[in-house]
Amino acid sequence: MASSNDSDPPSRRGDTIPVPRAKRRRHQPLKVANQIPQIRRKEIEKALEKGSKTPEKWSRSSSWKSHRIGGKLVKPGTVRHIEYDLMDVEIGESWPIPITIIHGARPGPVVTISGAIHGNELVGPLALTYLRAPSIIGEDKAIDPALVAGTIRIVPIVNMPGYRRRSRYMTDGRDLNRFFPGNEDSNTTSRVAHRLWQEIFSPSDHIIDLHSAALGRTNMPQIRVNLANRLSNRSARAFGTEVILDSEGPRGSLRRTADDAGISCITYEGGGADESDPESIQIAMYGILNVLRSLKVIPGYPSRPRFRLLASGSVWLRSDYGGLLDVLTPAGSFIEEGELVATVTDPEYPGKSMEIRTPTQGLLICTATHPFVTTGTPIGHLLPIIKGLKTVRRRLDEEGLLVLSGADGDPPWREDDDIEDISVEGVWEGGSPDAEWGENPESAAEEEAEEADQI
Ligand SMILES: [Zn+2]
């Protein structure tokens, strides 16, 4: 299942540092195939069997025209920064958002990279701001329009109204990422979703959507993807980070809507809302460049992690006490069975401290950051690791934190065959990796609004 670019000789063009060519091991079996639950395995295998042919429109012989977006044209081999209105209005606020378009000199796929669909998740806007900087885009840089094959569209802040108010939501209190593909005759959020879907997202071949955990918790960098979508599966692996969660995404989310429309889409999650986690930003940037390299949109070879955890299930750690939480093992920690993860104290019972220990060993991919808990509140999200333990342990630092590819400097290039795929079996409780966190009061109103809309 090595991605197709592995059979090509490495191209050094555009690389600033030559990458060593790893010794290829041709007959290494792919470990994921016999470890993910059987039904899911069959779905994924079936999807991957479909051949990958370069579409006719990307062949060199086809004419490569200017790229049209929001009524504006971008000439081949150029970069253009535009403002795109979220609302098409004669009077009133039109909510312009910045978009950078790098239209390559040669044909190729359209890749749209978005941040802050949730207005208070700032890892995306920060990573995309760095990505749009002259240090990355320009002649002889990582993204040189003269060498780009295809079109890269960078949308650092999708939900500008939410971003300005430091809120996850749109001005009507709705979650934009539950309203795709939208409806032009419905509520404000649904209209914005419709416009975005029609003009920005659906004319894409690939989408990378950047997120952080919602308020009150934090995520270690991870990819969420429907692995049964062949192209999404490839992008998820190409991104080059260790943790990949296989799930469909919530109803109305950009990812699920794109998936249903046959468009490749992956969600990156890193850090938490209202935070700028430098490691999550750095890994996002490496990941985006990795996907672009893997798609041959930009020259060079993607860096790859030593192993991947392909997860189809998880374990929730919960508090059995009410009070104030102190998490002792940060997101990204590998924890042993019975290890002390957090304590809970209650100002009404001074001197009393209760312990929360983990029922199983694994990787903590998300933790609560808000101290207030009641009995039953989830305080952490754990991938139980049974297979590949040795491999995982080799990448832990002295504190037991997983050192992610890209977190310790320029990540290495290696053959896809050299990556160990480790599956994490189980189920997502409630159907989504986020389901057990529940909704905060602000979004409970939004859920009701959403229900009402569907009648
Ligand atoms: Zn989000």
Side-chain angles (χ1 to χ4, degrees), residues 86 97 112-129 154-171 173-180 182 189 192-193 196-197 200-201 207-226 236 239 241 243-245 247-259 265-277 280-281 283-284 287-288 331 365-370 378 381 428 430-444 446-447 450:
L86 289 182
I97 60 169
T112 301
I113 310 159
S114 53
I117 280 188
H118 293 136
N120 62 350
E121 297 174 6
L122 306 177
V123 163
L126 282 161
L128 296 182
T129 301
I154 305 173
V155 194
I157 303 160
V158 175
N159 177 1
M160 184 63 85
Y163 168 81
R164 294 227 186 278
R165 293 179 303 122
R166 302 188 193 182
S167 163
R168 174 185 178 90
Y169 301 100
M170 292 285 289
T171 52
R174 292 185 170 94
D175 184 334
L176 179 58
N177 209 28
R178 299 292 180 275
F179 278 86
F180 289 104
T189 298
V192 169
L196 285 167
W197 176 252
I200 308 294
F201 292 115
I207 298 169
I208 305 171
D209 190 24
L210 307 180
H211 286 257
S212 301
L215 270 181
R217 52 194 198 251
T218 189
N219 279 325
M220 73 171 284
Q222 56 192 261
I223 288 292
R224 297 182 183 180
V225 63
N226 175 4
F239 197 89
T241 197
V243 176
I244 298 177
L245 311 187
S247 78
E248 283 194 316
R251 190 164 45 93
S253 63
L254 174 61
R255 182 157 67 84
R256 182 134 163 197
T257 308
D259 208 52
C265 185
I266 58 172
T267 302
Y268 171 77
E269 286 274 357
D274 285 354
E275 284 176 20
S276 68
D277 175 43
S280 296
I281 294 164
I283 288 168
I288 292 162
I365 57 167
C366 184
T367 59
T369 51
H370 199 290
H381 194 188
W428 303 118
S432 143
D434 264 332
E436 290 300 309
W437 289 106
E439 297 286 346
N440 67 30
E442 197 183 348
S443 82
E446 160 256 314
E447 288 289 325
E450 184 187 356

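Read the numbers this way: they start at 1 and go in the same order the structure lists the ligands and their atoms.
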Taking the N/O/S atoms of [X] one by one, which is nearest to the Zn ion (ligand 1)?
{"X": "H118", "value": "ND1"}
{"X": "H211", "value": "ND1"}
{"X": "E121", "value": "OE1"}

Is any side-chain heavy atom of S253 closer than 4.5 Å to a side-chain heavy atom of N177?
yes

Is the closest side-chain heavy-atom distance between Y163 and I97 below 4.5 Å?
no

Considering all heavy atoms of both residues, which atom of L254 and which atom of S114 are nearest to each other, and what is their separation?
CD2-OG, 4.2 Å

So, R224 and D434, do they make that salt bridge, N to O below 4.0 Å?
yes

